[in-house]
Amino acid sequence: MSLTWPRERRITRRAEYTACYNGGERRSTKYFIVFARHSDLSGTGRLGLAVTKKCGNAVARNRIKRVLRSFFRLHQHKMPPMDIVVTPKKHLRADKFSLSLAEDELLPLLAELSASGVQSVSDSSGDAA
RNA sequence: GGAGUUGGACGGGCUGUCGCCGCGGACGUACGUCCGGGGAGGAAAGUCCGGGCUUCGCAGGGCAGGAUGCUGGCUAACGGCCAGAGCGGGUGACCGCUGGAAAGCGCAACAGAAAGCAGACCGCCGCUCUUCGGAGCGGUAAGGGUGAAACGGUGAGGUAAGAGCUCACCGGCUGGCGUGGCGACACGUCAGGCCAGGCAAGCCCCAUCCGAAGCAAAACCAAAUAGGGAAACCGGCCGGCCCGGCCCAUGGUUUCCGGGUAGGUUGCUUGAAGGCGCGGGUAACCGCGUCUCUAGAGGAAUGACAGCCGCCGCUUUCGGGCGGUACAAAACCCGGCUUAUAGUCCGACUCCCUUU
RNA sequence: CGGGAUGUAGCGCAGUCUGGGAGCGCACUUGAAUGGGGUUCAAGGGGUCGCUAGUUCAAAUCUAGUCAUCCCGA
């Protein structure tokens, strides 16, 4: 199975971000807030990262984004077909952050989202049929 | 050996797996696949200056406003750099500062008699009066005390007491001349007058410079919706009809046009570029020759995870073990400045101690 | 990219323009008043004036640099 993650699987418009913030589900863990919304495109989900200045300087913010992107790339087969926006909380320390920490934090949440997402997809497809 | 001053270079390396963003080539109808090659810094940072570039404005000049400020040079330009001058600090290597206060206005708390065209509290001296304690008038500015700062210093003459009042020397100032230097200035000499305080990072004066905005600049392509302009046809009114005119809730349909939003493309990296060599210059820098191409995104790539090796601490049973490995990431591009930075290496110089 | 504001006692602010004593309110401590508490009255303590340099006799105030926070415009 391929583990690529091209640009088409990212959220690149401000309107799409605000749609996730306003019309999506909101879950939170110890270090992250996750907004998830049903994708307009069929099939694949997309990822958006919003790392604010409160998380540190540019080097720290870049590291957080890269680790999160790597996490979603390696676990993309567990990802539901939704638009997901991840925002770290401000007490996340970039120098202590790693892939294993991201897995501990986000894997249960991903499973939870995919359960509810699959259910809603089957509901909507049933209505269409 | 110790302490220090100053200039420069670097700021992790290798391998594997899985990835990301541009570029070139091949296959290929589009989509896509494969191959090759590239992909953060000395400060990319702060955004404090200067320039290029783009659009707008502009006959020329002035005012206002802002910036800079010893001299000479470098530069596209600069508030930058280099070389020098004066002053200050340091034993020294070396470091720091810089227009004008005899154009004018203004300011100086408290203390002190007095804080700025000088003046006189205690003193000192003379005269007059006296109740013998002193008081009044006048002279004086050497001495005292205050303050951050009190209108030259020392000595002699002089005097009632004194005083640049006079003289000598010293210090400082102004002007002239000579020598050296492109110049800031230095040195020498003559004359004057004995004195002219501080603050311009208070207002100000003088000299020089400055049009404004910024790549979200700007150019091009250009939906949907609303509105604008033009033409044709239809409709209504004036009218018997045509021509013509009007439709003031400026009626409806079609076509065309221009502006322009979302969006897209360009701007976008070959440049006051870098390396090496030679030459000129004390240097900053400049000239010539030759070689190289070195990120170009657009919610924003340059990574994640392993392993080995460096480097630095702590520890050790000398096999090793544990921990750490800075600051900080391009966003139109350059030249500087400022600030942050674990450590490593190299050059030059100064002072002290020891040995020969 | 461009522009602006703020930083002073535990908290909220004045003082900065025009340089000389660091202040106001709440809070805190002590005392009075009450049987006790609150209210009230009186007295008191507490400040590297964000930081670092410079100008000045003297800096919260002036100048330069720097740090942090906040707010605008495109």
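Order of the sequence lines fixes the chain letters, A, B, ..., with proteins taken first and strands second; residue numbering starts at 1 for each chain.
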*At their closest point, which heavy atom of A:F97 faces which heavy atom of A:I64, and how far apart are they?*
CE2-O, 4.0 Å
_Partner nucleotide, any strand, of B:A148 [Watson-Crick/G-U, under 3.5 Å]_ = none
*Once you round it to whole Å, what is the distance between P of B:A329 and CD1 of A:I64?*
14 Å
*Could you classify B:A40 for me, syn or anti, using a glycosidic angle within 90° of 0 as syn?*
syn
*asked:* Here's a test of your reading of the structure: between A:L74 and A:I11, which maps to the more 5' nucleotide of RNA chain B?
replied: A:L74
*Measure the distance from CZ on A:R61 to P on B:A329 and round it to the nearest whole Å.*
8 Å
*Provide, to the nearest angstrom, the distance between the CH2 atom belonging to A:W5 and the P atom belonging to B:A300.*
12 Å
*Atom CG in A:D83, atom CG in A:L47: separation rounded to 0.5 Å?*
9.5 Å
*Rounded to whole angstrom, note down the P distance from C:A60 over to C:G7.*
15 Å
*Among B:G19, B:A329, B:U302, find the nucleotide with the atom closest to the side chain of A:R69.*
B:U302
*Find the distance A:R46:CZ to B:A300:C1' and express it as a whole number of Å.*
16 Å
*Can you tell which of B:C18, B:A328, B:G19 lies closest to the side chain of A:V59?*
B:A328
_Any non-hydrogen side-chain atom of A:R9 less than 4.5 Å from a side-chain atom of A:Q76?_
yes
_Looking at A:R27 and A:E112, is any side-chain nitrogen of the basic one under 4.0 Å from a carboxylate oxygen of the acidic one?_
yes
*asked:* Of the listed nucleotides (B:C305, B:C21, B:A330), which one gets closest to any side-chain atom of A:A58?
replied: B:A330
*Whole Å only: how far is the CD atom of A:Q76 from the C1' atom of B:G19?*
10 Å
*Look at the side chain of A:N57 and decide which nucleotide, out of B:C18, B:A300, B:A329, has an atom nearest to it.*
B:A329
_P spacing across the pair B:C345 / B:C311, given as an integer number of angstrom_ = 11 Å
_Base-pairing assignment for C:G65 (Watson-Crick or G-U wobble, both under 3.5 Å)_ = C:C51
_Can you tell me whether the side chain of A:R66 and the base of B:C20 have a donor-acceptor pair closer than 3.5 Å?_
no
_Please name the nucleotide paired to C:U56 by Watson-Crick or G-U wobble geometry with both distances under 3.5 Å, or report none._
none
*B:C337: pairing nucleotide in any strand, Watson-Crick or G-U under 3.5 angstrom*: B:G46
*Quick one: look up who B:C20 pairs with, Watson-Crick or G-U, both distances under 3.5 Å, and put none if it's unpaired.*
B:G39
_N-glycosidic conformation, B:G22 - syn within 90 degrees of 0, else anti_ = syn
*Shortest non-hydrogen contact from A:L49 toward A:K65*: CD1-O, 3.6 Å
*Pick one for C:U18: is it syn, with its angle within 90° of 0, or anti?*
anti
*Please tell me which of A:G48 and A:P6 maps to the more 5' nucleotide of RNA chain B, matching each residue to the nucleotide holding its nearest heavy atom.*
A:P6
*Nearest-Å distance once atom C1' is located in both B:A77 and B:U294*: 27 Å
*Tell me whether B:G52 sits syn or anti, counting syn as a glycosidic angle within 90° of 0.*
anti
*To the nearest Å, give me how far apart CG (A:L99) and C1' (B:U17) are.*
14 Å
*Using the C1' atom in both, what is the distance from B:C78 to B:A109, to the nearest Å?*
43 Å
*Rounded to whole angstrom, note down the P distance from B:C205 over to B:C105.*
14 Å
_Taking atom types as they are modelled, would you say the side chain of A:N62 forms a donor-acceptor pair with the base of B:A329 within the 3.5 Å cutoff?_
yes
*Roughly how far apart are A:L74 CG and A:E103 CD, rounded to 0.5 Å?*
7.5 Å
*Would you please confirm or rule out a distance under 4.0 Å between OP1 or OP2 of B:A304 and any side-chain N or O of A:R63?*
yes
*Can you tell me if A:K89 uses its side chain to pair, donor with acceptor, with the backbone of A:S28 under 3.5 Å?*
no
*Rounded distance in Å between the C1' positions of B:G84 and B:U325*: 46 Å
_A:F35 CZ to A:I84 CD1 distance, which is reported to the nearest 0.5 Å_ = 12.5 Å
_Between B:U225 and B:G259, how many Å separate the two C1' atoms, rounded to a whole number?_
16 Å
*Can you tell me the pairing partner of B:C78 across any strand shown, Watson-Crick or G-U wobble, with both distances under 3.5 angstrom?*
none
_Could you check B:G164 for me: syn (within 90° of 0) or anti?_
syn
*Look at the side chain of A:A50 and decide which nucleotide, out of B:G299, B:G19, B:A330, has an atom nearest to it.*
B:G299
*Between B:C305, B:A329, B:C18, which nucleotide has the shortest distance from any of its atoms to the side chain of A:R73?*
B:C18
*Round to the nearest Å and state the distance from A:F72 atom CZ to B:C18 atom P.*
23 Å
_Separation of atom CD in A:E103 from atom P in B:A304, rounded to whole Å_ = 15 Å
*Sticking with atom C1', work out how far C:A5 lies from C:A42, rounded to a whole angstrom.*
42 Å
*asked:* Does the structure show a Watson-Crick or G-U wobble partner for B:G319, both distances under 3.5 Å? Name it, or say none.
replied: none
*Please determine, for B:C278, whether a Watson-Crick or G-U wobble partner exists with both distances under 3.5 Å, and give it or none.*
B:G287
